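Everything numeric in this text was worked out from a predicted model, so none of it was measured. Residue numbers count from 1 along this sequence. Whatever order the structure lists ligands and atoms in, that order sets their numbers, starting from 1.
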Amino acid sequence: MAEALELAAQGRFRVEPNPTVGAIVLDARGEIVGRGWHSGFGDAHAEIEALSEAKRRARGGTLIVTLEPCAHTEKKTPPCVPAVIKAGVARVVAGCADPNPATTGRAAAAFAEAGIEYHVGVLRDRCRAALRRYERHLGADRPWVVSKWATSLDGRIADAAGASRWISNMGSRAFVAMLRGCADAIVVGRETVVRDDPSLRIVPDGATRTSPDRGGGPLRVVFDSLLRTPTTVKVVATARWVPTLFIAVRGADASRREALEASGAQVAEVAAGADGRVSVVEAFRELHRRGARRVMLEAGGALQAACMRAGVVDHVAAFVAPVVIGGAGPTPFEGDGWPIAAARRLEDVRVSPIVGDALIEGYWPLT
Ligand SMILES: NC(=O)c1ccc[n+]([C@@H]2O[C@H](COP(=O)([O-])OP(=O)(O)OC[C@H]3O[C@@H](n4cnc5c(N)ncnc54)[C@H](OP(=O)(O)O)[C@@H]3O)[C@@H](O)[C@H]2O)c1
């Protein structure tokens, strides 16, 4: 179970709001024949990965898994319990029960019926501790939000004229494309759309395209309080093929709404915040209502700051490039901040080299 927990940790920052889960399969003689972990939101679960490595050697063996195998169907992947039964293991050992009321306790009943020995509670406290973020997010009415940006070594997201292409290198941008691939939506502010005219697709930004931009990928979302984005920008021009949503405040100009909708974009209206702009809490609630569970926030410093202040950010993924911009370039957090004693420090931080850039990730503090 300790090794399964180490495997589970490899899914950290990639699977949320799902739990990080690790699994090991022993054959009937007790030899390890399969290892797996949940590695990306929407990807196969740990048990399925470990069983597919073990193949027929799982028959009569033991599945060790950090979390009770899932039995519910309200998610992207099929439930694991039937696959575990089909694999023919004789015994399942789980670290802890699933705190999700949709599935908790269901594995025990199914395994009992299938004649599989089932034991829960090995390293229970450690397995439970690894689920802290998952448990906290269960029942939330907003998606898991990954706040992503790229800065220079001196902390700028653009130069003084607002140009930001390219701060990070091609390797980092390919990594971002991969992160986008397991998100349901990508959110930006109107200013980023107007200044950068991004395509917000799952091919790396700046890559040479060999085919026209058609179809698929996460929902592209623009927070645009008064719907002032011109219809000539890429996200509108391609909205017939790539789902695109504008979120505005209630009562935004009807003719602008019609122009966006005529181009194939969708428009949602939500309540305004105290500053008259889109309320970020209401906007993320609207995205959740539309089925988004994991969202990449790729806005500039104005909207990033509004989201961090409102407490709707769960995880920060900051690319830092070895380039110095200087001057009056904006930062990823514009406006008033916190005094140093109250400054927000990320938790469970991980630093990864990405070619010549550094990716610094951590969870936003819970309190
Ligand atoms: N290096 C990077 O990672 C990176 C990433 C993105 C952008 N950028 C750069 O950042 C610059 C743009 O920065 P930005 O901060 O102006 O762009 P932004 O945060 O993407 O967009 C700001 C706009 O979003 C709209 N918005 C809607 N609701 C909001 C809310 N509750 N709070 C704040 N804004 C809200 C506002 O326009 P309305 O009031 O009209 O709705 C606001 O002007 C560009 O130079 C771009 O190149 C860099």
What part of [X] sits under 4.0 Å from ligand 1 if we count only heavy atoms: the side chain, the backbone, both or neither?
X      : answer
Ala302 : both
Val280 : side chain
Glu298 : backbone
Asp196 : side chain
Ala158 : side chain

Mind checking whether [X] and [Y] have side chains closer than 4.5 Å, heavy atoms only?
X      : Y      : answer
Ser352 : Phe175 : no
Arg195 : Thr192 : no
Val93  : Met1   : yes

Check: of Glu191, Arg309, Arg165, min heavy-atom distance to atom 22 (C) of ligand 1 comes from Glu191
Compare Val176, Val278, Ile247, Thr331 and give the one whose heavy atom is closest to atom 31 (N) of ligand 1. Val278
Nearest-neighbour protein heavy atom for [atom], which is reported as residue plus atom name and distance:
atom                    : answer
atom 20 (O) of ligand 1 : Thr192 OG1, 2.6 Å
atom 32 (N) of ligand 1 : Ala306 CB, 3.4 Å
atom 1 (N) of ligand 1  : Ala150 O, 2.8 Å
atom 37 (O) of ligand 1 : Arg190 NE, 3.6 Å
atom 43 (O) of ligand 1 : Arg277 NH2, 3.4 Å

I want to know if ligand 1 touches [X] in the polar sense, i.e. an N/O pair below 3.5 angstrom.
X      : value
Gly162 : yes
Ser225 : yes
Gly300 : yes
Ala163 : no
Arg228 : yes
Ile157 : yes
Gly301 : yes
Leu303 : yes
Lys148 : no

Is it true that, when you exclude Asp275 itself, more than 12 heavy atoms of the residues, nucleotides or ligands shown sit nearer than 6.0 Å to its CG? yes
Does this structure show an ion pair linking [X] with [Y], if we count only N-O contacts that are shorter than 4.0 Å?
X      : Y      : result
Glu361 : Arg12  : no
Glu269 : Arg250 : no
Arg173 : Asp357 : no
Arg57  : Glu31  : no
Asp184 : Arg293 : no

I would like to know whether Ser52 and Glu49 meet side chain to side chain donor-acceptor pair (under 3.5 Å); could you show each step before the answer? CA-CA 5 Å; Ser52 60; Glu49 291 287 344; 4.6 Å; no
Run the contact test for Gly273 against ligand 1 with a 4.0 Å cut-off on heavy atoms, strictly below, and give the result. no
Only heavy atoms of [X], strictly under 4.0 Å: list the atoms of ligand 1 that pass.
X      : answer
Arg195 : 44 (C), 45 (O)
Trp149 : 3 (O)
Asp224 : 41 (O)
Phe223 : 24 (O), 25 (C), 26 (N), 27 (C)

Rounded to the nearest 0.5 angstrom, the CG-CD1 distance for Leu287 and Ile247 is 4.0 Å
From CA spacing to verdict: side chain to side chain donor-acceptor pair (under 3.5 Å), Arg201, Thr238: CA-CA 11 Å; Arg201 302 281 286 115; Thr238 56; over 6 Å; no
Return the set of residues passing side-chain hydrogen bond (donor to acceptor under 3.5 Å, both in side chains) with Thr231 (not counting sequence neighbours), or none when no residue passes. none
Arg106: which residues meet the side-chain hydrogen bond (donor to acceptor under 3.5 Å, both in side chains) condition with it, sequence neighbours left out? none
Residue pair Trp149, Phe333: steps toward the ring pair (Phe, Tyr, Trp, His ring centres under 6.0 Å) verdict: CA-CA 10 Å; Trp149 63 70; Phe333 193 104; 8.5 Å; no
